[in-house]
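Scroll down for the structure; my scribbles are underneath it.
Note that the structure is predicted; figures quoted are calculated from it, not measured. Every number for a ligand or one of its atoms is a count from 1 in the order of the listing.
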Amino acid sequence: MSNSSASAPGGAKVSDLQEEGVVATLGDSDTSMHAGSRSARHSDPHSERHPIVQLRDVVKIYGEGSTRVVALDKINLDIYKGQFTSIMGPSGSGKSTLLHALAGLDAVTEGQINVAGKMITGLKDKALTHFRRDNIGFVFQSFNLVPTLDAKANIELPSRLAGHKVDPHWMNQVVRALQLDNRLTHKPHELSGGQQQRVAVARALVTLPAVLVADEPTGNLDSASSEEVLSLLRQAVDNLGQTVIMVTHDSDAAAIADRTLIVKDGSIVADLANPTVESIMEVTR
Ligand code: ADP
């Protein structure tokens, strides 16, 4: 997926993206994604109708007998290409289980999950690892950078592990856009939390994943860094056609998405188009 002829998430080729300078636009992020500017970019979340993730009757049960927990209770869900979807809900409602299931990190008990045209339920471990490597970009709360590697090596690591060459031009574009140019030789401990998370976002974006999943990506960040990281994810959707799915417990963060799913007791209890903090609060209170 990471060579220069690969399709970007929005269907464009890397070379097209480079010509259009779309990644460079990402660099404007830190000023442009504040709450007041959100309404302009909201769209009908189902307008394009290209589901890139489909869940059918998905059930996930942990444990048995007295420890049995139904973490996902017959979930049916389509997530559309080129959209930013946020997932909210109380602690223990099943958000992470849902995200991990659709990213191929955890097997489910029943049902089918199709991602980027591939049925991932039923895949064996090795096939699932390949699927994740080639299709999913991950951003976690805990950054998960390798402490002994500098920022550049961290960004390139997943591609190298997959045996793909990182397109240097694309790498430069992403690095510039995320304003990491002067940080590439720094090890994680020499970077702030916000910078480390930007490295993690760059690491996810350089592989041109079909879907970028983010699990509480701002959970360890101060509010300024949170806003910056959210704005980068937002612009990856707007400018690159990236599909982003983010779990968060923060309604401000959730409202940056095109669509917010509210999960409770393993079910999706609300599905909000063009969410606002107010509309989210209304259904979660
Ligand atoms: P959330 O992300 O919304 O906090 P989770 O998806 O982590 O919720 O968990 C959903 C439910 O599944 C909870 O009741 C949780 O205790 C349970 N659960 C999650 N992971 C495991 C596990 N590995 N073993 C047993 N139960 C689990």
side-chain hydrogen bond (donor to acceptor under 3.5 Å, both in side chains) for Ser223 and Ser226? Distances and angles first, verdict last. CA-CA 5 Å; Ser223 60; Ser226 294; over 6 Å; no
* Asked: Looking only at distance, does Gly94 have an N or O less than 3.5 Å from an N or O of ligand 1?
  ->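 Looking only at distances, the answer is yes, because the N/O contact criterion of under 3.5 Å is met.
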- request: Look only at interatomic distance and state if Gly92 has a nitrogen or oxygen under 3.5 Å from any nitrogen or oxygen of ligand 1.
  value: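 Such a contact does occur with ligand 1.
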Using a strict 4.0 Å cut-off to heavy atoms of [X], name the atoms of ligand 1 that fall inside it.
{"X": "Ser93", "result": "1 (P), 3 (O), 8 (O)"}
{"X": "Lys95", "result": "1 (P), 2 (O), 3 (O), 4 (O), 6 (O), 8 (O)"}
{"X": "Ser91", "result": "4 (O)"}
{"X": "Pro90", "result": "3 (O)"}

Protein contact to [atom] [nearest heavy atom, distance to 0.1 Å]:
{"atom": "atom 14 (O) of ligand 1", "answer": "Val69 CG1, 3.5 Å"}
{"atom": "atom 19 (C) of ligand 1", "answer": "Tyr62 CE1, 3.3 Å"}
{"atom": "atom 5 (P) of ligand 1", "answer": "Thr97 OG1, 3.6 Å"}
{"atom": "atom 7 (O) of ligand 1", "answer": "Ser96 CB, 4.0 Å"}

Checklist entry - Does ligand 1 have an atom that lies less than 4.0 angstrom from a heavy atom of Gly266? => result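 Per 4.0 Å heavy-atom rule, Gly266 does not contact ligand 1.
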Q. Could you go step by step and tell me if Ser267 and Asp265 meet the side-chain hydrogen bond (donor to acceptor under 3.5 Å, both in side chains) rule?
A. CA-CA 6 Å; Ser267 297; Asp265 297 332; over 6 Å; no
Side-chain heavy atoms of [X] within contact of [Y], under 4.5 Å:
{"X": "Leu261", "Y": "Arg259", "result": "yes"}
{"X": "Val174", "Y": "Asn172", "result": "no"}
{"X": "Arg132", "Y": "Phe138", "result": "yes"}
{"X": "Val58", "Y": "Glu110", "result": "no"}

As a test of the contact definition, would atom 2 (O) of ligand 1 count as having a protein heavy-atom neighbour under 4.0 Å?
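So atom 2 (O) of ligand 1 has protein heavy-atom neighbours under 4.0 Å.
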Would you check, one step at a time, whether the test side-chain hydrogen bond (donor to acceptor under 3.5 Å, both in side chains) holds for Asn274 with Asp258? CA-CA 5 Å; Asn274 302 332; Asp258 300 306; over 6 Å; no
*Side-chain H-bond candidate by donor/acceptor type, Thr207 with Ser159, under 3.5 Å*: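 No.
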